[in-house]
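Below is one structure, written out as structure tokens; comments come after it.
Residues: numbered from 1 along the sequence shown.
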Amino acid sequence: DIQNRMWDAGAGGPRGFAERWLQPPLKKRGQHWIQHVGFETPSTDEVHVYSYWQGLRWKPDETEAPVLALDRGLRALTYLAESRGATLADIADNTRTPVATTYRILKTLQARGMAEYSELTGRWVVGSHAFHVGNAYLDRSNIVEIARATLGALAASTGETVNLAVEEDGNLVYVFQVESNNPVRAIIKNGETGNLHSSGIGKALMAYMDGFKVDQILTARGLPKHTHKTLTSRDALRAEFETIRQQGWAIDDEERFIGMRCVAAPLFNSFGNAIAGISISGPTARFSDGEIEAFSKAVTNSARLISEKL
């Protein structure tokens, strides 16, 4: 009954629950717990209050319990990045954080250069310092610097967009691009993610993965169908992996976006492990079967040159 009443409009939410329904000495303990934890995220507060009511205590493992203020700040920053800018109300609503708290979070991020406010649009956007922090991801490897010149030459010779991507936690993460000058071109931003099974680079990497790891990824991520050409069965993927290993390159034949094709090849380190991949992407009108043959030679040659330096 009390669990239901705590969400009653008259109870004032979880704070009202603790103040009205917990009687001394429980009320005192409840207030102390409120002060320590805070009540600003309904999605977690219900669990916290219920846990307290059941055991009259809440003792999280300090090695695992999240820092709530930091978690809220990261959620706000993540939403800014995904939305490409948003109003205070939108951020508060989508992160399920009170407006006043959201405002303090944004002002803190702004002070650190992680967020910026536009007086002209009334929207908050990711700050310039976030770019520097994000680039630290690339410091784990010098692969971008090693590949930069070769990828630039590949883009210049083909006239198409060239991409560099890695596998991260079962997803494909794009870390570097050289965009085509053509008005109709493939545009993929740094940090953008995608499914492995529906991309040229993703399939090129999976073709050289341990079979157990491939099964783990497919079990966790599934095989979502993006277009009618997306491979959605493990047998079909395994057959394609064999073809990729034989020819040394992979193709995304409108499997992620209709009207777009890409040709990709893996990059190998000194131990022979496929650690990244590169691709040439563009509209199907410029990726005829004849062009695919030429692009495949260009991308595999570039992949070999880069791999020799890794």
Side-chain angles (χ1 to χ4, degrees), residues 3 6-20 22 29-53 57-140 168-171 173-175 188-194:
Q3 186 184 12
M6 85 176 186
W7 291 114
D8 184 271
R15 184 181 296 277
F17 159 72
E19 293 178 347
R20 299 185 185 199
L22 292 180
R29 296 175 68 181
Q31 288 176 330
H32 173 72
W33 181 79
I34 290 172
Q35 183 179 7
H36 178 67
V37 178
F39 283 104
E40 295 180 3
T41 310
S43 60
T44 56
D45 290 343
E46 181 178 359
V47 176
H48 295 166
V49 173
Y50 186 65
S51 297
Y52 186 83
W53 174 253
R57 65 187 182 278
W58 188 65
K59 298 179 179 178
D61 183 346
E62 292 184 358
T63 63
E64 296 181 1
V67 179
L68 297 182
L70 178 59
D71 181 65
R72 292 186 181 118
L74 292 175
R75 277 188 285 151
L77 187 60
T78 299
Y79 181 71
L80 282 181
E82 292 175 346
S83 64
R84 306 297 175 89
T87 64
L88 172 62
D90 285 340
I91 299 167
D93 183 58
N94 283 277
T95 61
R96 302 186 69 181
T97 306
V99 173
T101 301
T102 302
Y103 180 73
R104 295 196 301 271
I105 288 171
L106 292 171
K107 292 297 289 185
T108 302
L109 292 173
Q110 184 182 40
R112 293 291 182 176
M114 303 294 286
E116 297 174 1
Y117 179 71
S118 171
E119 295 283 354
L120 183 64
T121 64
R123 298 167 70 84
W124 288 86
V125 296
V126 172
S128 59
H129 189 63
F131 173 80
H132 298 292
V133 174
N135 271 349
Y137 172 83
L138 303 180
D139 290 342
R140 299 183 306 172
E168 178 76 17
D169 194 29
N171 289 316
V173 182
Y174 292 89
V175 297
I188 303 174
K189 300 299 182 183
N190 286 341
E192 186 171 330
T193 61

Heavy-atom check, side chain of Met114 versus side chain of Leu77, under 4.5 Å: yes
Just how far is it from atom CG of Leu109 to atom NE2 of His129, taken to the nearest 0.5 Å? 11.0 Å
From CG (Leu88) to CD1 (Ile105), nearest 0.5 Å: 10.0 Å
Mind checking the CD-CZ spacing from Glu82 to Arg75? Nearest 0.5 Å is all I need. 12.5 Å
Under the rule for salt bridge (Lys or Arg N to Asp or Glu O under 4.0 Å), what residues qualify as partners of Asp90, not counting sequence neighbours? none
What distance separates Tyr103 OH from Gln110 CD, expressed to the nearest 0.5 Å? 7.5 Å
Take the angle between the ring planes of Trp124 and Tyr117 and call it parallel below 30°, perpendicular above 60°, tilted in between. tilted
State the CD1-CZ distance between Ile91 and Arg123, to the nearest 0.5 angstrom. 8.5 Å
Keeping the roles fixed (side chain from Thr102, backbone from Pro98), state whether a donor-acceptor pair exists under 3.5 Å. yes
Point-to-point distance, once rounded to the nearest 0.5 Å, from CG of Leu80 to CG of Asn94: 10.5 Å
